[in-house]
**Student:** 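Supplied in structure tokens, the structure appears directly below.
Chain identifiers are assigned alphabetically (A, B, ...) following the order of the sequence lines, protein sequences preceding nucleic acid strands; residue numbering begins at 1 within each chain.
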Amino acid sequence: MIDINIIRKKPDWVKAQIAKRNDSAPIDAILELDGRRREILKEVEELRRQRNASSKQIGRLMGQLKKAQRAGEDVTKLETAVSQAKAAPRQIGDKISTLDDERRQVEADLQEKMLWVPNLPHPDTPIGPDESYNVIHEPQGAAESVFDFTPKAHWDLGTALDIIDFERGVKMSGSRFYVLKGKGARLQRAIIQFMLDMHVDKHGYTEAYPPFMVRSQCFENAGQLPKFYDNVYRDAEEDFMWLATAEVALTNMHADEILDEAALPASYVAYTPCFRREKMSAGKDVRGIKRGHQFDKVEMYQFVHPDESEAELERMKQHAIDICDALGLRYRVLELATGDIGYASERTYDIEIWAAGCEEWLEVSSTSNCTDFQARRANAKFRPADGGKTRYLHTLNASGLALPRVMIAILENNQQADGSIIVPEVLRPYMGGIEEIVNC
RNA sequence: GGAGGGAUGGCCGAGCGGUUUAAGGCGGCAGUCUUGAAAACUGUUGUGGGUUUCGUACUCACCGGGGGUUCGAAUCCCUCUCCCUCCGCCA
């Protein structure tokens with residue numbers, strides 16, 4: 001949610017910002033509803049003020065009446081006065097409830113429309129309607145092949161080593177599902193543990209293990225609803241949705257809270273599975289483990305002071321890069337164009353790693369500054385140390401990293417001519433000390 | 001799944017449908033006293049919205065959320081959420 005004051009002051013500018021995203025939002029309708037809301041509010045509050053005064057008057061009369069009754073005096077005059085005094089506020093009350101009904105309707109409409117306004121892009125975000133305008137940072141280009149044989153794709157390697165079982169995954173759950181077996185499952189677990197340890201021990205995040213199913217309100221707060229409703233798995237009977245990313249859960253860690261400035265930044269890292277219908281990507285990347293309905297991810301998330309969010313974005317990007325470096329993965333950084341950044345984001349970096357077998361750059365991390373967009377929806381604030389008014393926090397998220405694609409890169413880049421895989425050194429302590437995955 | 005009890009300010013905890021303010025305590029902040037501190041005493045204390053002479057006052061709402069009854073609701077009714085106790089089931 002963006003600040004409605006910006007829309008009030010510069011509606012045309014806001015429209016232009018949203019147009020840069022190749023998106024649109026009902027700004028004119030919002031202005032109209034907002035104006036009507038304030039009209040009603042002015043009127044209904046004045047009426048309420050009048051009614052409050054009248055009711056207080058009746059209260060005083062009732063006090064006198066009771067006193068008189070106790071004293072055994074004649075109370076008919078007072079009783080008449082009370083019933084006469086009721087007439088005016090009763091009429092006011094009728095007007096109030098009519099206006100209140102309209103107010104409720106207007107506010108519901110306004111809220112619904114505001115939910116369809118995306119975050120506004122940062123002035124430095126490259127402008128362009130789609131991903132072809134993304135700016136690729138160093139290092140660029142594909143790695144020259146270091147192989148003296150033709151490297152295989154992970155689906156062939158995994159099947160041959162019997163560490164990825166596509167057939168049985170499909171048997172259980174259909175396409176886009178697979179079973180990791182033996183050293184494959186162990187490798188994934190090792191990567192998860194390595195990443196969590198690095199973010200906790202070296203980068204200072206607090207490890208969190210959130211629920212994997214959360215209320216739909218959590219998705220709305222994170223900016224995933226209403227727009228991405230079709231891409232989320234949900235419970236048929238209860239108001240539960242399965243995480244599409246841990247970001248959804250972590251956004252809500254401090255929902256409806258006011259943090260002390262001294263508690264900032266509040267930094268979390270969580271391992272969770274992620275569930276996505278992939279409706280928008282139907283038919284895309286169906287081979288291998290690149291894009292499944294279920295995948296694992298380690299996610300970083302921070303609540304920071306608004307003045308810190310821009311610098312923090314750079315640091316979080318580096319935290320993701322640190323993982324790539326430690327695992328020996330060749331990566332490149334993309335700065336996403338206005339047409340490609342996420343709905344809640346003002347500025348996003350993607351990190352892609354090179355996979356030598358399928359010969360593509362794979363997105364393993366997306367690092368975004370969501371400014372106060374999610375914080376407004378989630379009502380997450382902080383109290384400035386100088387005692388000023390409470391302000392909305394800024395939130396940032398960064399994958400650190402997405403597991404299947406890291407697996408792909410390790411399998412494909414570390415393969416040897418005989419199809420065995422060299423285990424990256426940093427993972428060996430988590431793999432019982434083994435140095436390679438071999439066919440047995 | 002069944003039966004019952006709860007939710008009040010940062011925290012604890014009162015609150016017969018009304019008579020100017022949600023009592024009281026704790027904590028926090030400021031001040032007095034003191035060389036300093038403690039104690040004591042005094043004052044102060046939340047969130048959001050609207051109007052505005054825009055920095056000043058006025059005003060409205062908020063006692064778990066949402067409706068309702070009433071001239072008037074923390075208080076009565078309905079509903080949802082969460083917590084607690086007991087029974088049953090269970091990794």
**Student:** Considering only the P atoms, how many Å lie between B/C82 and B/G65, rounded to the nearest integer?
**Tutor:**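 Rounded to whole Å, the distance is 15 Å.
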**Student:** Using whole Å, what does the distance between atom P of nucleotide B/U59 and atom CG of A/Leu47 come to?
**Tutor:**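 So the two atoms are 16 Å apart, to the nearest Å.
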**Student:** What nucleotide, of B/U51, B/G72, B/A61, holds the atom closest to the side chain of A/Arg48?
**Tutor:**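 Per side-chain heavy atoms of A/Arg48, the pick is B/A61.
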**Student:** Quantified in whole Å, what is the C1' atom distance between nucleotide B/C76 and nucleotide B/G15?
**Tutor:**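 Result for the C1' pair: 16 Å, nearest Å.
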**Student:** From B/G49, B/G18, B/U20, pick the nucleotide closest to the side chain of A/Arg60?
**Tutor:**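 So the nucleotide nearest the side chain must be B/U20.
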**Student:** Which nucleotide sits closest to the side chain of A/Arg8: B/U47, B/G50, B/C71?
**Tutor:**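 Looking only at heavy atoms from C-beta outward on A/Arg8, the closest nucleotide is B/G50.
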**Student:** Among the nucleotides B/G48, B/C71, B/G49, which one has an atom lying closest to any side-chain atom of A/Glu45?
**Tutor:**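 Among the listed nucleotides, the one closest to the side chain of A/Glu45 is B/G49.
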**Student:** Taking NZ, NE, NH1 and NH2 as the nitrogens, is one of them in A/Glu102 or A/Arg36 under 4.0 Å from a carboxylate oxygen of the other?
**Tutor:**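 Judged by the 4.0 Å cut-off on N to carboxylate O distance, A/Glu102 and A/Arg36 do form a salt bridge.
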**Student:** Round to the nearest Å and state the distance from A/Glu107 atom CD to B/C60 atom C1'.
**Tutor:**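 So the two atoms are 12 Å apart, to the nearest Å.
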**Student:** What's the CZ-C1' distance between A/Arg38 and B/G48, to the nearest Å?
**Tutor:**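 Roughly 16 Å, once rounded to whole Å.
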**Student:** Using the C1' atom on both, measure B/A22 against B/C77 and round to a whole Å.
**Tutor:**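 Between the two C1' atoms, the distance is 23 Å.
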**Student:** Measure CG/A/Leu61 against P/B/U70 and give the value in whole Å, please.
**Tutor:**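 It is 21 Å, rounded to the nearest whole Å.
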**Student:** In whole Å, what is the span from the CG atom of A/Asp239 to the P atom of B/G65?
**Tutor:**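 Rounded to whole Å, this separation is 19 Å.
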**Student:** Is it true that A/Glu107 and A/Arg37 have a side-chain N and a carboxylate O under 4.0 angstrom from each other?
**Tutor:**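 A salt bridge links A/Glu107 with A/Arg37.
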**Student:** For B/G49 versus B/U44, give the span between their C1' atoms, rounded off to a whole number of Å.
**Tutor:**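 The answer is 25 Å between these two C1' atoms.
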**Student:** Remember a base hit wins even if backbone is also touched, and classify A/Leu41 as base, sugar-phosphate or nothing at under 4.0 Å, heavy atoms.
**Tutor:**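 It contacts sugar-phosphate atoms only.
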**Student:** Are any of the side-chain nitrogens in A/Lys95 or A/Asp100 under 4.0 Å away from the carboxylate oxygens of its partner?
**Tutor:**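 Looking at A/Lys95 and A/Asp100, the cut-off is not met.
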**Student:** For the side chain of A/Arg49, starting at C-beta, report the closest nucleotide among B/U59, B/C71, B/G46.
**Tutor:**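 Nucleotide nearest to A/Arg49's side chain: B/U59.
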**Student:** Mind calculating the distance between CD (A/Glu43) and P (B/U51) to the nearest angstrom?
**Tutor:**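 Answer to the nearest Å: 14 Å.
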**Student:** Side chain of A/Lys42 only, please: which of B/U20, B/G18, B/U51 is the nearest?
**Tutor:**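 Among B/U20, B/G18, B/U51, the one nearest the side chain of A/Lys42 is B/U51.
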**Student:** In the structure shown, which nucleotide is the Watson-Crick or G-U wobble counterpart of B/G46, with both distances under 3.5 Å?
**Tutor:**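 Per the H-bond distance test, B/C62.
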**Student:** Nearest to the A/Arg215 side chain among B/C60, B/G18, B/U81, which nucleotide is it?
**Tutor:**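 Nearest listed nucleotide: B/U81.
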**Student:** Can you tell me which nucleotide in B/G50, B/A61, B/G67 comes closest to the side chain of A/Arg37?
**Tutor:**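 In terms of side-chain proximity for A/Arg37, the closest of B/G50, B/A61, B/G67 is B/G50.
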**Student:** Would you kindly give the CG-to-C1' distance between A/Leu259 and B/G10, to the nearest whole Å?
**Tutor:**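 That distance rounds to 14 Å.
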**Student:** Supply the atom-to-atom distance A/Arg347 CZ to A/Thr371 OG1, rounded to the nearest 0.5 angstrom.
**Tutor:**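 Taking CZ in A/Arg347 and OG1 in A/Thr371, the distance rounds to 12.5 Å.
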**Student:** Report the nucleotide, chosen from B/G18, B/U51, B/G48, that has the shortest atom-to-atom distance to any side-chain atom of A/Met62.
**Tutor:**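 Out of B/G18, B/U51, B/G48, the nucleotide with an atom closest to A/Met62's side chain is B/G18.
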**Student:** Rounded to whole Å, how long is the line connecting atom CD1 of A/Ile40 with atom P of B/U51?
**Tutor:**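 These atoms are roughly 13 Å apart.
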**Student:** Among A/Asn397, A/Asn252, A/Thr395, which residue meets the side chain to side chain donor-acceptor pair (under 3.5 Å) test with A/Gln374?
**Tutor:**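 When A/Asn397, A/Asn252, A/Thr395 are each tested with A/Gln374, the side chain to side chain donor-acceptor pair (under 3.5 Å) holds only for A/Thr395.
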**Student:** Thinking salt bridges, do A/Lys171 and A/Glu167 make one under a 4.0 Å N-O criterion?
**Tutor:**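 No salt bridge links A/Lys171 with A/Glu167.
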